[in-house]
Enquirer: 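Have a look at the structure that comes next, please.
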Amino acid sequence: MSERSRLSSDIVESAEFRQQTVDQGTAGLIRDMDSPGEYLAVYWLESRFGERSINLSPDDALSLRKRWEKADGWSDYLSTCQAIWDDLVYFPVASSKTADINVTFEDSWMFDRSYKGERVHEGTDIMPDKNERGVLPVVSMTDGVVQNKGWLELGGYRIGIRTPGGAYFYYAHLDSYADIEEGDKIKAGDLLGYMGDTGYGTEEGTKGKFPVHLHLGIYVYDKGQEISVNPYPALKYVEEKNIDYHER
């Protein structure tokens, strides 16, 4: 009964799933996996979404999957985990020979935000150590298709990429765009634009309302509903998969 409740029909909407908890040991284990989605799907169910500490080898995860895959909802749940994790290739901020700037990020999931009323932070901010707009290249973490490009009051100049697995990666506050348009197919590592500080204004092009940074959001769809998940663990997974970018 307890296991069935963990794999309920609304599991993807739960706060526990959306948190995407990955402890340090598990993060080290999946670092060399090309497709960690299946492993994490089992790990979260077995650990009660990080509530208890477990040591789960990849072989054990495969064995335990056979038990879980008999439960209702397993297929959709697994597909969602794979959509978030298995298309990841690169860290979204590339190195540039023209910029001596380092970046950091922390887990700010569900931190308070106040612009346009009380709300919470449904993403991760990647912060440079120099407040210079239009310098650091922002690249796609995944293959995909450009689904959205343009101005949003909160996100400023933003790009939305739909990945092969069906997740939606949202890159916000860009200073400028690369030469791409909605509907274009892109590859992981392709330039999307440059890090900036656009947004928080109804007038297109508003800048300077906050420090330069990249806001990354990851969304999945469940029963027609858009659901945000914590990007921080995914960013840690690709943190060392940083590429150099130069104009081609």
Enquirer: Given side chain to side chain contact (heavy atoms under 4.5 Å, CB included), test W44 with V22 step by step and report yes or no.
Expert: CA-CA 9 Å; W44 281 320; V22 177; 4.1 Å; yes
Enquirer: Compute whether any side-chain donor of one residue and acceptor of the other, for D10 and S8, lie under 3.5 angstrom apart.
Expert: yes
Enquirer: Locate the shortest heavy-atom distance separating Y171 from P92; write the atom from each residue and the value.
Expert: CE2-CB, 4.0 Å
Enquirer: What is the distance from atom OG1 of T206 to atom OH of Y200, rounded to the nearest 0.5 Å?
Expert: 12.5 Å
Enquirer: Would you say V42 ends up clustered with I54 if hydrophobic residues are merged whenever their side chains have heavy atoms under 4.5 Å apart, either directly or through other cluster members?
Expert: yes
Enquirer: Should I30 and M141 be regarded as members of a common hydrophobic cluster, given that ILVMFWY residues are connected when their side-chain heavy atoms come within less than 4.5 Å of each other, either directly or indirectly?
Expert: yes
Enquirer: Tell me whether the count of non-hydrogen atoms from other residues, nucleotides or ligands lying under 6.0 Å of CD in Q24 goes above 12.
Expert: no
Enquirer: Test: ring-ring contact (aromatic ring centres under 6.0 Å, His included). Region: residues 19-42. Which pairs qualify, not counting sequence neighbours?
Expert: none
Enquirer: Would you say I11 and F49 make side-chain contact, with heavy atoms under 4.5 Å?
Expert: yes
Enquirer: Name the one of D60, T21, D23 that satisfies side chain to side chain donor-acceptor pair (under 3.5 Å) with Y43?
Expert: D23
Enquirer: Take atom CG in D129; do more than 12 heavy atoms of anything else shown fall under 6.0 Å from it?
Expert: yes
Enquirer: Compile the donor-acceptor pairs under 3.5 Å between side chains in residues 71-81 and protein atoms, sequence neighbours left out, one pair per line.
Expert:
from: Y77; atom 1: OH; to: A41; atom 2: O; distance (Å): 2.7
from: S79; atom 1: OG; to: S75; atom 2: O; distance (Å): 3.0
from: T80; atom 1: OG1; to: D76; atom 2: O; distance (Å): 3.0

Enquirer: Using modelled atom types and a 3.5 Å cut-off, is there a donor and acceptor pairing between side-chain atoms of H215 and backbone atoms of D125?
Expert: no
Enquirer: Suppose we screen for side-chain contact (heavy atoms from CB on, under 4.5 Å). Which residues come up paired with S53, at least two apart in sequence or across chains?
Expert: none
Enquirer: Hydrophobic clusters join Ile, Leu, Val, Met, Phe, Trp and Tyr when side-chain heavy atoms are under 4.5 Å apart, directly or via other members; which others share one with V89?
Expert: Y90, V139, I243
Enquirer: Would you say L192 and Y177 make side-chain contact, with heavy atoms under 4.5 Å?
Expert: no
Enquirer: In terms of side-chain heavy atoms, does Y170 have a donor or acceptor partner in N148 at a distance below 3.5 Å?
Expert: no
Enquirer: Between CG of L174 and CG of L136, what distance do you get to the nearest 0.5 Å?
Expert: 12.0 Å
Enquirer: Set out, in order, the CA-CA distance, both residues' side-chain angles and the distance that settles side chain to side chain contact (heavy atoms under 4.5 Å, CB included) for K130 and D100, then state yes or no.
Expert: CA-CA 9 Å; K130 296 178 183 178; D100 181 22; 4.2 Å; yes
Enquirer: Output every pair passing salt bridge (charged side-chain N to carboxylate O under 4.0 Å, His left out) with a member in residues 77-96, not counting sequence neighbours, ordered by first then second residue.
Expert: none
Enquirer: Honestly curious: do Y157 and L152 fall in one hydrophobic cluster under the side-chain, below-4.5 Å linking rule?
Expert: no
Enquirer: Please answer: with hydrophobic residues joined when any side-chain heavy atoms are less than 4.5 Å apart, are W109 and V120 in the same cluster?
Expert: yes
Enquirer: Please list every donor-acceptor pair under 3.5 Å in which a side-chain atom of residues 228-237 meets a protein atom from a residue at least two apart or in another chain.
Expert:
from: S228; atom 1: OG; to: R18; atom 2: NH2; distance (Å): 2.6
from: S228; atom 1: OG; to: E122; atom 2: OE1; distance (Å): 2.4
from: N230; atom 1: OD1; to: Y232; atom 2: N; distance (Å): 3.1
from: N230; atom 1: ND2; to: Q19; atom 2: O; distance (Å): 3.3
from: N230; atom 1: ND2; to: D107; atom 2: OD1; distance (Å): 3.2
from: K236; atom 1: NZ; to: E239; atom 2: OE1; distance (Å): 3.0
from: Y237; atom 1: OH; to: M33; atom 2: O; distance (Å): 2.3

Enquirer: Under 4.5 Å between side-chain heavy atoms, counting indirect links through other Ile/Leu/Val/Met/Phe/Trp/Tyr residues: same cluster for M127 and I101 or not?
Expert: no
Enquirer: Can you list the residues that meet the side chain to side chain donor-acceptor pair (under 3.5 Å) rule with E16, with sequence neighbours excluded?
Expert: none
Enquirer: Does anything in residues 137-148 pair up under salt bridge (charged side-chain N to carboxylate O under 4.0 Å, His left out), and if so which pairs, sequence neighbours excluded?
Expert: D143-K187
Enquirer: Which residues satisfy the side chain to side chain donor-acceptor pair (under 3.5 Å) test with E13, sequence neighbours excluded?
Expert: K223
Enquirer: Roughly how far, to the nearest 0.5 Å, is CD of Q20 from CD1 of I84?
Expert: 4.0 Å
Enquirer: Starting at OG1 of T142, measure out to CZ of R162 and round the result to the nearest 0.5 Å.
Expert: 10.5 Å
Enquirer: Measure the CG-CE distance between N131 and M195 for me, rounded to the nearest 0.5 Å.
Expert: 10.5 Å
Enquirer: Assign the ring pair F91 / F105 to parallel, tilted or perpendicular, where the plane angle (0 to 90°) is split at 30° and 60°.
Expert: tilted
Enquirer: So how far is it from I161 CD1 to Y168 OH, rounded to the nearest 0.5 Å?
Expert: 8.0 Å
Enquirer: So which pairs with a foot in residues 192-209 pass salt bridge (charged side-chain N to carboxylate O under 4.0 Å, His left out), sequence neighbours left out?
Expert: R133-D197, D175-K207
Enquirer: Hey, can you pull the donor-acceptor pairs under 3.5 Å for the side chains in residues 178-185, sequence neighbours left out?
Expert:
from: E181; atom 1: OE2; to: K149; atom 2: NZ; distance (Å): 3.3
from: E182; atom 1: OE2; to: K149; atom 2: N; distance (Å): 3.1
from: D184; atom 1: OD2; to: E181; atom 2: N; distance (Å): 2.8

Enquirer: Can you list everything that forms a salt bridge (charged side-chain N to carboxylate O under 4.0 Å, His left out) with E69? Sequence neighbours excluded, please.
Expert: R65
Enquirer: Identify the two heavy atoms, one from A167 and one from A83, that lie closest to each other, and give their separation to 0.1 Å.
Expert: CB-O, 3.4 Å
